[in-house]
Amino acid sequence: MKKETVLSGIRPTGYLHLGNYFGAMRNYVKMQDTYNCYFFVANWHSLTTHPDTKALQESVYRVIAENVACGLDPDKVALYVQSDVPEIAELYLYLNMLAYKGELEKTTTFKDKAKLQPDNINAGLLTYPVLMAADILIHRAVKVPVGKDQEQHLEMARNFAERFNFRYGHIFPEPHAFNFGDNLIKIMSLDGNGKMSKSENQMATIFLADEDDIIRKKIMKAKTDSGPTVPNSLKPDYIENLFTLMKIVSKAEVYDTFDEDYNQCNIRYGDFKKQLAEDMVAFIQPIREKAAAIQNDKAALHQMMKQGAEKARESANATLQEVRKAIRMIY
Ligand code: TYM
């Protein structure tokens with residue numbers, strides 16, 4: 001049976017964090033044996049918000065290194081950099097003719113970013129979801145492992161695919177956001193304000209490159225409260241977030257003990273955070289060290305990127321041939 005195709009991407013706009021790991025990369029690693037996988041670094045997307053490219057290059061290397069350190073095997077998947085696959089840009093151009101100004105202006109991420117950078121509301125920012133659709137459709141991917149914040153972009157990708165199919169003939173399958181659980185994941189910031197993010201709120205975000213002491217410090221400062229007063233009460237979202245992190249990095253019995261303490265109104269957040277901090281350090285330390293070693297080996301990185309781009313271009317080319325045929329762009 002033909003394996004289903006999976007695709008996902010990460011922008012190299014800063015250091016990767018626990019949100020990226022649990023929303024996306026952990027799923028990549030789990031999918032690499034059973035699916036036909038394409039994972040890439042979205043450096044073109046970065047230009048929509050980070051026009052200064054001085055830090056971009058090293059950041060691209062870091063994203064590749066961190067993905068490999070987290071368990072991605074470049075021999076099993078196509079791991080590549082977006083700008084190494086020019087076919088994506090051609091598909092982006094065709095899809096742009098099928099995307100309407102009104103719907104692009106209504107996109108949540110566009111509205112948020114336009115507010116953050118009022119002096120640079122560029123056309124790339126507006127058409128960000130179209131480029132993302134091109135990333136996905138160029139490999140005719142059906143499963144897209146992403147965090148909750150990308151849900152709307154996936155819906156738009158389905159719309160563009162459907163419009164293309166309707167107008168020019170059926171080429172693209174419907175892509176869907178994917179997570180191994182039922183729901184897409186959102187890891188909140190440790191101060192309880194919004195999501196963990198590469199560029200905002202650095203002290204409330206745990207990065208895969210953070211040193212042990214920084215991790216401890218950030219977790220000890222995480223937002224808590226005076227604790228529940230009624231047994232079995234619902235956890236506020238910032239507490240639930242810490243429990244989510246504990247579920248992922250700590251042993252099941254450790255999680256169960258603190259969960260029971262919470263339900264019995266006996267939780268001591270100081271002890272809870274100390275335990276979480278130590279388990280987090282044990283989780284991140286090997287990733288950080290492995291990633292640093294890979295990042296320093298530029299020859300190996302270039303070899304990985306070249307191999308990934310070759311695999312990606314082969315698949316991208318095959319789709320583009322079909323697309324050109326369908327829209328009669330072949331003379
Ligand atoms: P980016 O670079 O912002 O994030 C990479 C991945 O990490 C997930 N993520 C989170 N998940 C849970 N909690 C969080 N706090 C959190 N923060 C980030 C994101 O959902 C994402 O899966 N537009 C994309 C990059 C992209 C892409 C694509 C993704 C470009 N083309 C095609 C999939 C398919 C982005 O900005 O991700």
Side-chain angles (χ1 to χ4, degrees), residues 5-28 31 37-50 56 59-60 62-63 66-67 70 80-83 85 88-89 91-92 95 107-110 112-113 124-125 127-158 160-161 175-181 183-202 204-208 237-238 240-241 244-245 248 312 316:
T5 297
V6 168
L7 170 130
S8 196
I10 299 181
R11 275 173 313 150
T13 47
Y15 287 81
L16 299 190
H17 51 74
L18 288 181
N20 300 130
Y21 182 80
F22 295 117
M25 286 148 77
R26 184 170 62 145
N27 284 333
Y28 302 177
M31 295 175 105
C37 292
Y38 296 87
F39 298 120
F40 73 100
V41 188
N43 57 344
W44 281 336
H45 276 107
S46 293
L47 296 176
T48 64
T49 52
H50 292 63
L56 185 65
S59 205
V60 168
R62 192 181 329 106
V63 174
E66 287 183 327
N67 270 283
C70 287
Y80 60 97
V81 180
Q82 191 179 32
S83 60
V85 184
I88 300 166
L91 182 58
Y92 168 55
L95 294 176
T107 315
T108 311
T109 47
F110 173 72
D112 291 349
K113 300 229 167 96
L125 196 61
T127 57
Y128 185 112
V130 188
L131 180 55
M132 189 161 151
D135 293 326
I136 300 168
L137 300 177
I138 198 77
H139 301 299
R140 287 174 273 191
V142 290
K143 286 197 166 68
V144 184
V146 283
K148 185 145 182 64
D149 58 336
Q150 300 297 315
E151 208 168 20
Q152 189 181 30
H153 290 159
L154 260 294
E155 191 186 321
M156 295 173 84
R158 284 194 292 280
F160 302 144
H176 287 273
F178 179 84
N179 181 50
F180 274 99
N183 300 315
L184 297 181
I185 285 185
K186 174 179 163 186
I187 300 290
M188 281 180 70
S189 168
L190 294 176
D191 61 8
N193 289 323
K195 59 172 186 170
M196 276 196 190
S197 122
K198 293 190 207 100
S199 39
E200 293 153 46
N201 247 342
Q202 312 262 304
T205 293
I206 295 185
F207 297 99
L208 300 179
D237 54 5
Y238 49 91
E240 182 70 49
N241 192 48
T244 300
L245 295 180
I248 296 162

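Ligands are counted one by one from 1 in listed order, and the atoms in each one are counted from 1 as well. Only a predicted model underlies this, so the values are computations on that prediction, with no experimental measurement involved.
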Taken in chain and number order and not counting sequence neighbours, the residues that satisfy salt bridge (Lys or Arg N to Asp or Glu O under 4.0 Å) with K198 are none
* Asked: Who are the salt bridge (Lys or Arg N to Asp or Glu O under 4.0 Å) partners of K113, not counting sequence neighbours?
  ->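 Partners of K113 under the salt bridge (Lys or Arg N to Asp or Glu O under 4.0 Å) test: none.
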Under 4.0 Å from ligand 1, residues with heavy atoms, in chain and number order, are L7, S8, G9, I10, R11, H17, G19, N20, G23, A24, F40, A42, H45, Y128, M132, D135, I136, V144, V146, G147, D149, Q150, I185, K186, I187, K195, M196, K198
The reported gap from CD in E151 to CG in N179 (rounded to nearest 0.5 angstrom) is 11.0 Å
With sequence neighbours left out, the residues meeting ring-ring contact (aromatic ring centres under 6.0 Å, His included) with H45 are Y128
- Do L56 and H50 have side chains that get closer than 4.5 Å, going by heavy atoms?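 Side chain of L56 against side chain of H50, heavy atoms only: no contact under 4.5 Å found.
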| query | Is the closest side-chain heavy-atom distance between N67 and V41 below 4.5 Å? | reply | no
